[in-house]
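See structure below.
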Amino acid sequence: MIIYSLINMKGGVGKTTISTNLAVEFAKKGLKVLFIDNDEQSNSSLFFDVVNKKMTLTDLYINPEISLQEISYDTQYENIKCIPAGLDLNDILTLYLSDDKYAYKNIDKRFILKNKLLEIEDKYDICIMDNHPGMTVATYNGLMAANKVLIITTTDIYAEQGLKAMLEYFSSIKEERKKDDIYYDESILDKSLNLEGCLVNKYIYNPNFTKRKEYNYLKTNIRMVPRNKMFLLDKAVIEHKAAVEIMPKSNFAKDIKRLANELIDNIIK
C-alpha cells in the first residue's frame, strides 16, 4: 500500500476536491483505496457521506487499541473506504503529542497511525490522506505515516512563499523519520517518505508564474473550472458524486485522469 499525503500551506487551493476525485479515479481503475480525512473540517467525510459516525480518527488517539477496521466505513464507491475525521481531531492530537498521560504501553506516539496502517497494508493498494491546511499537529501526524507527499498549490503570485515553507517542513519531517522510524528504508517505496511533487491546481495562464525545478512540479496541471461551471463542484458534494462523474468531459476530469496515470507511472518507475 502506497500512502499519499496531500498538504498545502493555506486553505482554498482545492486540496479536498483533488484528493476525493483522485481517490475515485484510482477506484475506477480497480484499485482498492483507503481514504483518511485528517482534517477536522471534515469536508472529505461529508463528500463520502461518513459524517456523524460513532467512531472517527480521533478515537484512535484516545484509545490506540482500536483497529482501523473499526473506524473505516463503506462509501458510495465499492473500492473506497473512508476513515472520517472528528471535529476535535486537532485538539486531541495536540494533547496526545504533548501530554505524557496519552502515552500508551511505551509506544512512540508519533507512529500510532503509521503502525496501524502497517497492520492493514495488504488490504488496500492506495491510501490517500487529506490533511488540514498548514503545519498543524494533524498534518505532522499524517506525514509521519506517509510514503509520498503532494503539495497542492496554484499560480497565485503568493503561492511560491507557501511552497518554500511546506518544502522546509517536509524536509524536517523526512529527517525525523529517517532518524526515529525503525521501519524506515529509503530504498523501499512503502517504507520511506518522498516528495511526489508540487501539483498546480486551478491552473490559468499567468505570465509571472514558472515551474521552477527546485519545487519538483508534476507534469500535470489541474485546469481551472470555468466560472459558469463552478456550481457543478457544489452539486458534486451535495449529490455525493465525484466531479469527474458530474462533468466527465471537462478539462478537470481529463486532468484528474492524467494525474492518476502520472502517479501510477511514477510508482512503476
Side-chain angles (χ1 to χ4, degrees), residues 1-8 13-39 41-51 53 56-57 68 71-85 117 120 123-131 142 146-152 196-197 199-203 218-226 229-268:
M1 178 173 68
I2 304 300
I3 304 168
Y4 290 94
S5 199
L6 279 71
I7 63 175
N8 61 293
V13 300
K15 174 179 52 60
T16 296
T17 301
I18 296 297
S19 60
T20 51
N21 279 273
L22 183 58
V24 171
E25 191 63 39
F26 278 139
K28 285 167 59 179
K29 294 179 180 296
L31 298 173
K32 293 182 179 179
V33 180
L34 175 65
F35 194 101
I36 300 178
D37 190 351
N38 195 37
D39 182 353
Q41 297 175 90
S42 300
N43 292 331
S44 296
S45 301
L46 177 64
F47 170 77
F48 285 117
D49 199 19
V50 292
V51 293
K53 293 296 185 180
T56 67
L57 184 60
L68 290 188
I71 56 174
S72 301
Y73 299 94
D74 291 334
T75 69
Q76 64 271 44
Y77 298 98
E78 183 179 357
N79 281 358
I80 303 177
K81 286 203 171 187
C82 181
I83 297 177
L117 285 168
I120 61 169
K123 296 182 180 296
Y124 300 94
D125 301 301
I126 299 287
C127 173
I128 294 180
M129 199 179 308
D130 183 15
N131 293 286
N147 304 129
K148 288 175 169 283
V149 174
L150 281 170
I151 302 177
I152 312 301
E196 182 71 10
L199 173 68
V200 180
N201 189 32
K202 302 181 180 180
Y203 178 81
L218 294 173
K219 295 177 182 178
T220 303
N221 297 324
I222 308 298
R223 285 168 283 184
M224 174 76 84
V225 175
K229 300 292 184 181
M230 291 290 288
F231 74 96
L232 292 174
L233 296 178
D234 291 333
K235 180 181 179 182
V237 175
I238 293 170
E239 296 184 4
H240 303 290
K241 293 182 68 176
V244 294
E245 297 173 307
I246 294 286
M247 42 184 184
K249 296 183 180 180
S250 64
N251 287 334
F252 176 83
K254 294 174 184 176
D255 293 341
I256 289 293
K257 184 175 183 177
R258 188 176 295 115
L259 173 62
N261 289 336
E262 182 175 354
L263 298 183
I264 290 172
D265 287 345
N266 289 344
I267 292 174
I268 295 172

Item to check | Reported CG-to-CD1 distance for the pair L259 and I264, which is rounded to 0.5 angstrom | outcome: 9.5 Å
Item to check | Validation row: K29, N261 side chains within 4.5 angstrom (heavy atoms) | outcome: yes
Item to check | Closest approach of N79 to L31 (non-hydrogen atoms, all atoms of both residues) | outcome: CB-O, 3.4 Å
Item to check | CZ on R223 to CZ on F252, rounded to 0.5 Å | outcome: 11.5 Å
Item to check | Over all atoms of both residues, closest heavy-atom pair of D37 and S45 | outcome: OD2-OG, 2.7 Å
Checklist entry - Below 4.5 Å, heavy atoms only, C-beta onward: do L117 and M1 meet side chain to side chain? => result yes
Checklist outcome for this item: Tightest non-hydrogen contact, residues S5 and A146, listed as CB-CB, 3.5 Å
Checklist entry - Does the pair N43 and T16 meet the rule for a side-chain hydrogen bond (donor to acceptor under 3.5 Å, both in side chains), with working shown? => result CA-CA 7 Å; N43 292 331; T16 296; 4.7 Å; no
Next on the checklist: One thing to verify: whether K32 and D125 come together as a salt bridge, which I'm taking to mean a side-chain N less than 4.0 angstrom from a carboxylate O.
Outcome noted: no
Checklist outcome for this item: On a heavy-atom basis, the closest approach of P84 and T56 is O-CB, 3.4 Å
Checklist entry - Can you tell if the side chain of Y124 reaches within under 4.5 Å of the side chain of K81, non-hydrogen atoms only? => result yes
Checklist entry - Quick one: CG on N251 to CD1 on I256, what's the gap to the nearest 0.5 Å? => result 12.0 Å
Checklist entry - Which heavy atom in K15 sits nearest to a heavy atom in D39, and how many Å separate them? => result NZ-OD2, 4.2 Å
Checklist entry - So how far is it from L22 CG to L6 CG, rounded to the nearest 0.5 Å? => result 7.0 Å
Item to check | Distance, nearest 0.5 Å, that separates NZ of K235 from CG of L233 | outcome: 12.0 Å
Checklist entry - Is any side-chain heavy atom of F26 less than 4.5 Å from a side-chain heavy atom of I128? => result yes
Checklist entry - Within a strict 4.5 Å, meaning less than it, do heavy atoms of the I7 and V149 side chains meet? => result yes
Item to check | Side chain N147, main chain I3, donor-acceptor under 3.5 Å | outcome: yes
Next on the checklist: Looking at every heavy atom in both T20 and F48, which two are closest together, and how far apart are they?
Outcome noted: CG2-CE1, 3.9 Å
Checklist outcome for this item: d(T17 OG1, K202 NZ) to nearest 0.5 Å is 7.5 Å
Checklist entry - Between the main-chain N or O of S44 and the side-chain N or O of D130, is there a donor-acceptor pair closer than 3.5 Å? => result no
Checklist entry - Between E196 and N266, is a side-chain hydrogen bond (donor to acceptor under 3.5 Å, both in side chains) present by the stated rule, with each step listed? => result CA-CA 8 Å; E196 182 71 10; N266 289 344; 2.8 Å; yes
Item to check | Derivation and outcome, side chain to side chain contact (heavy atoms under 4.5 Å, CB included), residues T75 and I80 | outcome: CA-CA 6 Å; T75 69; I80 303 177; 3.6 Å; yes
Checklist entry - So do L199 and I151 actually touch side chain to side chain, heavy atoms under 4.5 Å? => result no
Checklist entry - Quick one: does E262's side chain have a donor or acceptor within less than 3.5 Å of a partner on T220's backbone? => result yes
Next on the checklist: I want to check something: taking the side chain as every heavy atom from C-beta on, are L34 and I120 in contact at a cut-off of under 4.5 Å?
Outcome noted: yes
Just distance, no hydrogens or angles: give the donor-acceptor pairs under 3.5 Å from side chains in residues 236-249, sequence neighbours left out.
unit_1: H240; atom_1: ND1; unit_2: L46; atom_2: O; d: 3.1
unit_1: H240; atom_1: ND1; unit_2: F47; atom_2: O; d: 3.0
unit_1: E245; atom_1: OE1; unit_2: Y77; atom_2: OH; d: 2.5
unit_1: E245; atom_1: OE1; unit_2: A242; atom_2: N; d: 3.1

Checklist entry - Is there a side-chain contact between I2 and Y4 (heavy atoms, below 4.5 Å)? => result yes
